[in-house]
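Below is one structure; the comments refer to it alone.
Ligands are counted one by one from 1 in listed order, and the atoms in each one are counted from 1 as well.
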Amino acid sequence: MASLEGWSSTIELHPQQPDHTGRACVVNSGAYKLRPMNSLLLLQGRVIDPSQGLDAVTDILIRDGEVAALGPDAAAQAPPDAERLDATGKVVCPGLIDLHVHLREPGQNSKETIATGTAAAAKGGFTSVVCMPNTVPPIDSPSTVALVHERVASEGRVNVYVAGAISKGLAGEELGPMGSLRGAGVVAVTDDGRCIQNNELMRRALEYSTMFDLLVMDHCQDNSIVTDGVAHEGYYSAMLGLRGWPAAGEELIVARNILLAERTGARVHCQHISSAGSVRLLRKAREQGLPVSGEACPHHFTLTDAALAGSEEFWREDGQEVLISRKTSAALPFWPAYDTHVKMNPPVRSAADREALLEALADGTIEVISSDHAPHCNYEKDVEFDYAPFGITGLETELALALMQLYHAKRLALNDLIARFTTGPARLLKLTGKASLKPGSDGDVTVFDPDVEWEFRREHTASKSCNSPFYGWPMKGKALATIVAGRIVWRDPDSAASGSIQQQNQTTPTSKRKKQT
Ligand SMILES: [Zn+2]
């Protein structure tokens, strides 16, 4: 059930119309932006901006949707009616970007919609997402891209970039119209959910992509090895009688993609890397300077396959250091064996694989954290493990789990963690105006508290679906305000109530209407 709690009353969504500056709000890069509004002054936050190596307590002024000033002079330049946000004691950084999100529109509105999916993104601190093309119909033509853009313009709360399909109908048999998809504004192509098995077709796709300088993203899965596997092939799959999904099924395709990237010069991005072997391949290829990259998801670097045997097994075997903020008197989160909320593709793997992912994120071998936010209806997940669809929701727990496993675990400095969510994805996607707080950049900002403790609760989720394994988990670190083009599209109601973030001088012109969902 989507919650309206915390939504700013100043949201106004008419992005297709020019704003008062006469600037159209549909940008050439393919994202639809919310219409900029009046000025916003962020005061005395700890501003961490990896794009310029900045970590300092200072002010930011956003005007007409762009960063107008950064530094001690920002407040002096603010017009008298500027909205003010006191960010004292909080981290202020460029808006977070998630390049792997399933918004499920068109065609799967019972799982998620652009309205609810972008609401979950805003609540998680994300100002931009890339939506995957495995919709109904698939996003494999310019008209479907246009349909998504139109829906985002009327319903979206954050910037949405579109990934187009590599192959027609995601069938893996014939290349899609990459040039016209690029013309329609896609920022990448992928058959995510599926993997192109035919190596010759993949080679052609990569050669073709270089003509348009388009990033090719791949869900790495060799079907001849994985077949109908549902769980990481290892001790737990054998013990529980679940069909194995071996790590080699991913690593073979990662190796193929590296070889083809070397031959074609195309930029290849391996999605949701899950195994230590994939990390080894990627690290070596990047040391050689090949144009390959990878991403890791919080469920893969937090959970292990012990979770398939139930929570008790997980906490005993692999979970001791995960819940850093748990009160010793509090009960550990519970789930049963064969819980379908621990079923994802690729599967959660061994503790050694999880460790390799954390090391890869720490040393920069993996430069992007993504959610693979994959909503499914309750009735779809409430079946035997074998029959349940793969995937979990992730946008609302992504930042906290990353902070817990990387920053609080002392593996990664805050600046580098923020880079995995900002400059990392922006560089791959060649997004202009994003992932920076330099004056002239888009006014997309995330305000978060890395230390606030909270519990992720089912009834508070903004997503339309509830297929997360993390309900009841004590979390540490949370987005408190999400700002898109100078608009506050999400504000944490608890922090606003406690006064930690307050709007000091809000102007509420009568023309503004409350956004209903
Ligand atoms: Zn995938």
field: Axial cation check for F385 ring with K343, 6.0 Å and 45° limits
entry: yes
message: Test of understanding: with side chain to side chain contact (heavy atoms under 4.5 Å, CB included), list the residues that count as partners of T264, not counting sequence neighbours.
response: R203, L206, E207, A266
message: Under a plain distance cut-off of 3.5 Å, with no hydrogens placed, do N134 and H102 share a side-chain donor-acceptor pair?
response: yes
Whether D218 side chain and C220 backbone form a donor-acceptor pair below 3.5 Å: no
query: Will you find, in the side chains of S275 and E251, an N or O donor that is under 3.5 Å from an N or O acceptor?
result: yes
- prompt: To the nearest 0.5 Å, what is the distance between CD (E367) and CZ (R420)?
  reply: 7.5 Å
field: For the Zn ion (ligand 1), every protein N/O/S atom that sits closer than 2.8 Å, waters excluded
entry: D192 OD1, H219 ND1, H272 NE2
